[in-house]
Amino acid sequence: MAFQSETMNRNRQGELPHDETNNLIASDKVAGTTVFDQSGEKLGTIKNVMVGKRNGRVEYAVLSFGGLFGMGERYHPLPWDTLNYDTEKSGFVVDIDKEKLKSGPSFEPGKEPEFNRDFGEKVYGHYGRSY
């Protein structure tokens, strides 16, 4: 999955930045990326990504959703494969509506859950995926 068009990311010498290739991007560039639903409505932004220590795979994208001026904000872990990058939007698009997101596993800032197998099955199961 390409995160942005190659031509948009080239520096003045025509080279891609060191933290990005045609198929890979540094995690710090993913954080802050906007997430939209299928209708183009903004759902939130990526707070961070959770990577498996042993398998090296991104398990979740943690979506910052809700709240106003930082009040009432909640984090919603999404299975990584639910996100599709849209170069025209410069953001991720998910086939998840707000109600599905609101009813899914979430946590408050500073109250992270234990990201164990049970939690993973709960997250993936909510979005119809296998963990």
Side-chain angles (χ1 to χ4, degrees):
M1 150 181 4
F3 285 84
Q4 294 182 357
S5 74
E6 183 177 325
T7 55
M8 288 175 36
N9 291 317
R10 291 186 183 277
N11 64 21
R12 291 187 181 160
Q13 289 78 35
E15 300 169 352
L16 286 170
H18 292 289
D19 56 356
E20 186 172 343
T21 69
N22 290 332
N23 295 316
L24 299 172
I25 191 167
S27 62
D28 63 336
K29 290 182 80 174
V30 175
T33 302
T34 303
V35 177
F36 301 93
D37 66 13
Q38 291 288 336
S39 68
E41 184 177 351
K42 179 182 174 181
L43 294 174
T45 58
I46 300 296
K47 172 71 175 161
N48 59 25
V49 294
M50 301 297 290
V51 180
K53 286 183 176 180
R54 291 184 177 85
N55 64 17
R57 290 187 218 130
V58 175
E59 298 285 334
Y60 312 102
V62 179
L63 176 70
S64 173
F65 173 74
L68 186 61
F69 305 113
M71 302 295 288
E73 177 182 46
R74 293 192 66 82
Y75 297 137
H76 296 257
L78 300 174
W80 181 249
D81 68 353
T82 62
L83 291 98
N84 294 301
Y85 195 80
D86 185 321
T87 56
E88 291 180 18
K89 287 184 172 51
S90 294
F92 291 102
V93 175
V94 294
D95 190 13
I96 299 169
D97 63 30
K98 279 186 179 181
E99 294 309 312
K100 183 76 169 175
L101 189 60
K102 286 179 185 177
S103 68
S106 67
F107 56 94
E108 295 175 16
K111 297 184 178 179
E112 291 80 10
E114 185 176 340
F115 286 96
N116 57 24
R117 180 142 189 99
D118 289 341
F119 184 76
E121 288 175 355
K122 187 176 184 181
V123 170
Y124 277 68
H126 181 77
Y127 295 106
R129 303 276 198 286
S130 296
Y131 185 67

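- With contacts defined as side-chain heavy-atom distances shorter than 4.5 Å, the pair K102/F65 qualifies.
- Counting heavy atoms from C-beta outward, L101 and Y127 have side chains that approach closer than 4.5 Å.
- Here the closest heavy-atom approach between residue N116 and residue Y131 is recorded as O-OH, 4.4 Å.
- Looking at heavy atoms from C-beta onward, P77 lies in side-chain contact with F119 at the 4.5 angstrom threshold.
- Taking all atoms of both residues into account, the shortest heavy-atom contact from S106 to R74 is OG-NE, 2.9 Å.
- Between L63 and G44 the shortest heavy-atom distance is CD1-C, 3.6 Å.
- Dense packing is recorded around NZ of K100, with more than 12 heavy atoms of other residues, nucleotides or ligands lying under 6.0 Å away.
- In the hydrophobic clustering of this structure, I96 groups with V58; members are Ile, Leu, Val, Met, Phe, Trp, Tyr whose side-chain heavy atoms approach within less than 4.5 Å, directly or through other members.
- Contact check for L43 versus D37: side-chain heavy atoms found under the 4.5 Å cut-off.
- The shortest non-hydrogen separation linking I46 to V35 is CD1-CG2, 3.6 Å.
- Closest approach of V30 to W80, counting heavy atoms only: CG1-CH2, 4.3 Å.
- More than 12 heavy atoms of other residues, nucleotides or ligands shown are found within 6.0 angstrom of CD on Q38.
- Taken to the nearest 0.5 Å, the NZ atom of K47 stands 14.0 Å off from the NE2 atom of H76.
- By the 4.5 Å heavy-atom criterion applied to side chains, N48 and Y75 are not counted as neighbours.
- Taking the side chain as every heavy atom from C-beta outward, Y124 and E59 approach each other to under 4.5 Å.
- In this structure the side chain of S90 never reaches within 4.5 angstrom of the side chain of T34, judged on heavy atoms.
- In terms of heavy-atom proximity, F115 sits nearest to E112 at CE1-CB, 4.4 Å.
- The distance from the CZ atom of R129 to the CG atom of D81 is 4.5 Å, given to the nearest 0.5 Å.
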Quiz item: Could you walk me through whether F36 and D86 pass the side-chain contact (heavy atoms from CB on, under 4.5 Å) check?
Solution: CA-CA 10 Å; F36 301 93; D86 185 321; over 6 Å; no

